[in-house]
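Worksheet: the structure to be examined is printed underneath.
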Amino acid sequence: MSRLKKLKKIRIHREGTHILAGSLLLLLLINASLYWGIDCKIPFYAAAIISIFIYLLMVNFFRCPIRFFGEDTEKIVVAPADGKIVVVEEVEENEYFHDRRLMISIFMSIVNVHANWYPVDGTVKRVCHHNGNFMKAWLPKASTENERSTIIIETPEGIEILTRQIAGAIARRIVTYAEPGEECYIDEHMGFIKFGSRVDVYLPLGTEVCVSVGQLTTGNQTVIAKLK
């Protein structure tokens, strides 16, 4: 299958279609009950305004823009998510590598796109899901104690990259599309995290970092590092 045929060309993410349809039906029923059940229309107008605001917020959350990196991807690491860089530091990675790695963490607020993209081209070597806590995603312990999914990708040059999807205090479901043994590419969706979360990328020491703490990122567009 060609790379273009594998791309998921969707505007509203498939993880949100059932939620949006169910929410729309529920809000319509609530507003219809207020309109037809109460003579005073003030509660209906108030509920209608609140319902529109809530629904637009949900649509914004599940939006999924079509993006193409459009440049040479060799040894390039792109942001796997929209959000803000909250950590750029050398850490001990004890789940897979068991050595020192450079970690870049992106925090996604509730207003960000929550689709996740593959940060590099390569082959998926391993996918693991771990149950855990739901503490605030920007806390250091969240990387190892929260519910999370770990994806190991080997680039065409033989460099292994670890990407970790982490649930937050509000996020309660991590969806991971990666499957061991399949080829993956920048521009493809790696997964989705519902309602506030974080994505960590672990890179070899000596990797050139192209972002700084506090910088905003655009998933599949912002170059966060260049591999040696």
Applying the side chain to side chain donor-acceptor pair (under 3.5 Å) criterion to Thr150, which one of Arg126, Arg164, His129 satisfies it?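 Exactly one option meets the side chain to side chain donor-acceptor pair (under 3.5 Å) with Thr150, and it is Arg164.
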Under a 4.0 Å N-O cut-off, is there an ion pair linking [X] with [Y]?
X: Glu157; Y: Lys75; answer: no
X: Asp82; Y: Arg67; answer: yes
X: Arg100; Y: Glu93; answer: no

Tyr35 atom OH: more than 12 heavy-atom contacts under 6.0 Å: no
Take atom CG in Leu56; do more than 12 heavy atoms of anything else shown fall under 6.0 Å from it? yes
Mind checking whether [X] and [Y] have side chains closer than 4.5 Å, heavy atoms only?
X: Ile166; Y: Ser197; answer: no
X: Lys226; Y: Cys210; answer: yes
X: Phe97; Y: Glu160; answer: yes
X: Pro180; Y: Ile152; answer: no
X: Tyr118; Y: Val124; answer: yes
X: Ile76; Y: Glu74; answer: no
X: Ile161; Y: Val201; answer: yes
X: Pro119; Y: Ile153; answer: yes

If every non-hydrogen atom of [X] is compared with every non-hydrogen atom of [Y], which pair is closest and at what distance?
X: Leu205; Y: Arg101; result: CD2-C, 3.7 Å
X: Leu227; Y: Pro204; result: CD2-CD, 4.1 Å
X: Thr207; Y: Leu102; result: O-CD2, 4.0 Å
X: Ile104; Y: Ala225; result: CD1-CB, 4.4 Å
X: Leu162; Y: Tyr96; result: CD1-CB, 3.9 Å
X: Ile151; Y: Ala178; result: CG2-CB, 4.0 Å

What I want to check is whether the side chains of [X] and [Y] have a donor and an acceptor closer together than 3.5 Å.
X: Glu188; Y: Tyr177; answer: no
X: Glu95; Y: His130; answer: yes
X: Thr176; Y: Gln165; answer: yes

For Val199 and Phe107: C-alpha separation, side-chain torsions, deciding distance, then whether side-chain contact (heavy atoms from CB on, under 4.5 Å) applies. CA-CA 7 Å; Val199 180; Phe107 174 72; over 6 Å; no
Check: [X] side chain, [Y] main-chain N or O, donor-acceptor pair, under 3.5 Å:
X: Asp200; Y: Ser105; result: no
X: Gln221; Y: Phe68; result: yes
X: Thr218; Y: Thr222; result: no
X: Asn131; Y: Glu147; result: no
X: Asp187; Y: Phe69; result: yes
X: Asn112; Y: Ser109; result: yes

Same apolar cluster (I L V M F W Y, side chains within < 4.5 Å links), [X]/[Y]:
X: Leu34; Y: Leu29; result: no
X: Leu28; Y: Tyr55; result: yes
X: Phe53; Y: Ile49; result: no
X: Val88; Y: Val77; result: yes
X: Ile30; Y: Leu24; result: no

For the pair Trp117 and Ile186, evaluate side-chain contact (heavy atoms from CB on, under 4.5 Å) and give the outcome as yes or no after the intermediate values. CA-CA 7 Å; Trp117 285 264; Ile186 290 172; over 6 Å; no
Test side-chain contact (heavy atoms from CB on, under 4.5 Å) on Val209 and Val211; report intermediate values, then the result. CA-CA 6 Å; Val209 178; Val211 290; 4.2 Å; yes
Lys228 vs Glu208, side-chain contact (heavy atoms from CB on, under 4.5 Å): CA-CA, chis, key distance, verdict: CA-CA 7 Å; Lys228 298 295 185 179; Glu208 179 186 349; 4.2 Å; yes
Would you call the rings of Phe192 and His114 parallel, tilted or perpendicular if under 30° counts as parallel and over 60° as perpendicular? tilted
Euclidean distance, Asn116 CG relative to Met190 CE, rounded to 0.5 Å: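 Answer rounded to 0.5 Å: 4.5 Å.
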In Å, rounded to the nearest 0.5 Å, how long is the span from SG of Cys184 to NZ of Lys125? 12.5 Å
